[in-house]
Amino acid sequence: MAIEVYWGSGSPFAWRVLLALEHKRLPYTAHLLQFSKQEHKSPQMLQMNPRGRVPVLKDGEYVCFESLAILYYLDLKYPDPPLFGASPEEAGTIMRVICEYQAYIEPHLRTITRAVFHGGVDLRSEELTQAMHAVASEARTIEGRLSKSDWVVGERFSAVDMVIFPGIQLLKRALERPVARELAARFMPVEVNYPALGRWLTRIEALPGYERTYPPHWRTG
Ligand SMILES: N[C@@H](CCC(=O)N[C@@H](CS)C(=O)NCC(=O)O)C(=O)O
């Protein structure tokens, strides 16, 4: 029975799972839910994930939600190619950098992208400036890693790339908005301010199956 994945266009968390499924070349059926129609809160979805969020993965009778848990499950169930490295040490570093991303970057990314997309916040506020400062400085650390290797950890595309990539794409999309021009000055254009990071984005965009993971509504505006 094919794997089923329930996702929403533009969700960075769901994007991680699609990248993992494509990388492992697993057959899957993707159910694209419309946030605007609250399809992620339908009784069927709430039965699988009482939090009413995507992604949700169903593999036979087994249901998993929380993107990182899904990557972990997929890797144990379908180990080749691995998402969490080829040794315990590499797995430890991959998980460490994921934890660092979640603790020190993701909350700031959320602050910035919410402010840009939902409005109602002064983009020149101290809070936004601080958030952008924190992201720019953490991105410098990732830039350092990527200037020594093609991938964030180790010699291959791994869970840490899958976790970070969609967040950076969402940030770029927010910072491309004219309203965010001032806020973006420190970060954009990525290829100029963070050349290794820019090359890494292009590298992932060239991976087989990438196009199937791309948020459909981003193509239209
Ligand atoms: N920690 C969760 C976050 C999932 C999440 O927040 N998904 C968002 C889309 S980006 C969602 O479904 N939001 C719908 C809602 O909160 O109503 C994960 O990693 O899967």
Side-chain angles (χ1 to χ4, degrees), residues 3-24 26 28-59 62-78 83-84 91 94-121 131 135 138 152 157-177 204 210 212-221:
I3 293 170
E4 298 190 65
V5 61
Y6 297 83
W7 66 300
S9 182
S11 160
F13 306 103
W15 202 346
R16 297 170 175 177
V17 173
L18 296 181
L19 288 169
L21 289 166
E22 291 292 339
H23 184 58
K24 286 188 175 283
L26 291 167
Y28 66 96
T29 304
H31 302 275
L32 177 60
L33 306 181
Q34 302 297 325
F35 290 123
S36 58
K37 295 184 187 157
Q38 294 287 300
E39 288 177 348
H40 54 301
K41 309 279 189 203
S42 69
Q44 182 211 358
M45 289 309 301
L46 290 174
Q47 198 174 9
M48 289 192 287
N49 179 359
R51 296 185 191 277
R53 290 176 182 240
V54 293
V56 174
L57 181 122
K58 190 164 184 291
D59 190 6
Y62 178 66
V63 173
C64 191
F65 56 91
E66 286 297 320
S67 55
L68 188 54
I70 295 173
L71 298 193
Y72 186 61
Y73 163 76
L74 287 174
D75 214 32
L76 292 184
K77 183 89 179 182
Y78 308 99
L83 303 184
F84 288 89
I94 287 170
M95 274 309 292
R96 191 202 89 206
V97 180
I98 289 175
C99 292
E100 288 183 289
Y101 172 79
Q102 291 184 323
Y104 309 119
I105 306 185
E106 209 160 58
H108 301 299
L109 279 188
R110 199 171 304 127
T111 302
I112 296 164
T113 52
R114 273 206 189 136
V116 173
F117 293 130
H118 301 301
V121 179
V135 167
E138 292 289 339
V152 174
F157 185 46
S158 80
V160 67
D161 301 287
M162 292 165 198
V163 165
I164 296 177
F165 172 86
I168 302 286
Q169 291 291 57
L170 188 63
L171 176 69
K172 262 184 68 185
R173 187 170 159 85
L175 295 180
E176 276 161 4
R177 294 264 168 109
I204 295 177
Y210 173 79
R212 281 189 288 273
T213 73
Y214 192 79
H217 83 279
W218 287 15
R219 294 189 198 283
T220 50

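Every number for a ligand or one of its atoms is a count from 1 in the order of the listing. Computed from a prediction, not measured in an experiment: that's the story for all the values here.
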Next item on the list: Give the residue, atom name and distance (to 0.1 Å) of the protein heavy atom nearest atom 9 (C) of ligand 1.
Entry: Ser11 OG, 3.6 Å
Next item on the list: Check whether any heavy atom of Leu68 sits under 4.0 Å from an atom of ligand 1.
Entry: no
Check: In terms of heavy-atom contacts, does OH of Tyr210 have more than 12 from other residues, nucleotides or ligands at under 6.0 Å?
Finding: yes
Notebook entry, point to check: Taking atom 18 (C) of ligand 1 as the point of reference, which of Ser67, Pro166, Ser9 owns the nearest heavy atom?
Noted result: Ser67
Next item on the list: Measure the distance from atom 17 (O) of ligand 1 to every protein heavy atom, then report the residue, atom name and distance (to 0.1 Å) of the closest one.
Entry: Lys41 NZ, 2.8 Å
Notebook entry, point to check: Can you tell me which residue and heavy atom of the protein come closest to atom 12 (O) of ligand 1, and the distance to 0.1 Å?
Noted result: Val54 N, 2.9 Å
Margin query: For the aromatic rings, using the six-membered ring if either is Trp, is the centroid distance between His40 and Phe35 under 6.0 Å?
Written below: yes
Check: Taking the minimum heavy-atom distance to atom 11 (C) of ligand 1, which of Arg53, Arg51, Glu66 ranks first?
Finding: Arg53
Check: For Glu100, which residues count as a salt bridge (Lys or Arg N to Asp or Glu O under 4.0 Å) partner, sequence neighbours excluded?
Finding: Arg96
Next item on the list: Classify the ring geometry between Tyr73 and Tyr78 as parallel (under 30°), tilted (30 to 60°) or perpendicular (over 60°).
Entry: perpendicular
Next item on the list: Classify the contact between His40 and ligand 1 as side chain, backbone, both or neither, using a heavy-atom distance cut-off of under 4.0 Å.
Entry: side chain
Next item on the list: Measure up the His23 and Phe157 rings against each other and bin them: parallel (under 30°), tilted (30 to 60°), perpendicular (over 60°).
Entry: perpendicular
Note to self: Show me which atoms of ligand 1 lie under 4.0 Å from any heavy atom of Pro55.
What the structure shows: 20 (O)
Item checked: Tyr101 and Glu138 side chains, donor-acceptor separation under 3.5 Å -> no
